[in-house]
Amino acid sequence: CCTIAEYRLREDGLLDVINQCKNASQAMERVQGIAKVVDKDSNAKLEVSFVNLFGVWLFWGGYWIIGLDSQYQYAVVSSPDKKYGWILCRSTQLTDAQSKEILSILEKNGIDPNRFEPKIDKSSHP
């Protein structure tokens, strides 16, 4: 599905994370989570949870920003173990130059770009 990811800074310093998409039957699906910065020096390493049980967030996963466009048009994100990754962008199409930059970022971080599944993801706040 085409995903829209939205991040909102909260007053307590945490981030609200809202992911929405239209599935194959065109029904809107939405999941809400929370993120916290775990590396205050770079602000590039976060932990995210989408499981809330009685007000307690469980099952935190690493969400490391390994590349960021100077104009904030895209972000390259990886799990710490490099098993998962995401390309977040403000538009549904990357330019050839952006694609080359992203491939370079992935390769520099030891991630095989061929493991990515082509999906359209766009974020209002990469």
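Only this structure's heavy atoms are used, side chains among them; waters, hydrogens and symmetry mates stay out.
No path of Ile, Leu, Val, Met, Phe, Trp and Tyr side chains, each step under 4.5 Å between heavy atoms, connects Leu14 with Val37, placing them in separate hydrophobic clusters. Hydrophobic clustering keeps Leu9 apart from Val38 (ILVMFWY residues linked when any side-chain heavy atoms are closer than 4.5 Å, directly or through intermediates). At a threshold of 4.5 Å between side-chain heavy atoms, the hydrophobic network of Ile, Leu, Val, Met, Phe, Trp and Tyr places Ile34 and Ile65 in two separate groups.
Taken to the nearest 0.5 Å, the CD1 atom of Ile102 stands 7.0 Å off from the SG atom of Cys89. Summarising the geometry, atom CD belonging to Gln32 is positioned 9.5 Å from atom CG belonging to Asn52; distances are rounded to the nearest 0.5 Å. Taken to the nearest 0.5 Å, the OH atom of Tyr74 stands 8.5 Å off from the CG atom of Leu94.
Nearest heavy-atom pair across Asn19 and Glu6 is OD1-N, 4.5 Å. The nearest pair of heavy atoms linking Val76 to Ile87 is CG1-CD1, 3.8 Å.
Side-chain contact between Gln20 and Val31: absent, with no pair of heavy atoms (C-beta onward) separated by less than 4.5 Å. Side-chain atoms of Glu101 and Asp69, non-hydrogen and from C-beta on, do get closer than 4.5 Å to each other. Taking 4.5 Å as the limit, every side-chain heavy atom of Gln73 sits out of range of all side-chain heavy atoms of Ser91. For the pair Leu53 and Phe59, the minimum side-chain heavy-atom distance is 4.5 Å or more. With contacts defined as side-chain heavy-atom distances shorter than 4.5 Å, the pair Ile111/Ile66 qualifies. Residues Arg8 and Leu15 are not in side-chain contact: their nearest non-hydrogen atoms beyond the backbone lie 4.5 Å or more apart.
In terms of modelled atom types and a separation under 3.5 Å, the side chain of Ser99 and the main chain of Thr95 share a donor-acceptor contact. Put simply, the side chain of Asp81 gets close to the backbone of Lys83: a donor and an acceptor are under 3.5 Å apart. Side-chain atoms of Ser79 do not come within 3.5 Å of backbone N or O of Gly62 as any donor-acceptor pair.
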Donor-acceptor list for residues 42-51 side chains, cut-off 3.5 Å, not counting sequence neighbours:
residue	atom	partner	partner atom	Å
Ser42	OG	Asp39	OD2	3.1
Ser42	OG	Ala44	N	3.1
Ser49	OG	Val51	N	3.3
Ser49	OG	Val51	O	3.3
Ser49	OG	Leu58	N	3.4
Ser49	OG	Leu58	O	2.4

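Remark: Gln71 CD is loosely packed, at most 12 non-hydrogen atoms of other residues, nucleotides or ligands lying under 6.0 Å away.
Remark: Asp12 engages Arg10 in a salt bridge (charged side-chain N to carboxylate O under 4.0 Å, His left out) (not counting sequence neighbours).
Applying the side chain to side chain donor-acceptor pair (under 3.5 Å) rule to pairs touching residues 55-67 yields Tyr7-Tyr63, sequence neighbours excluded.
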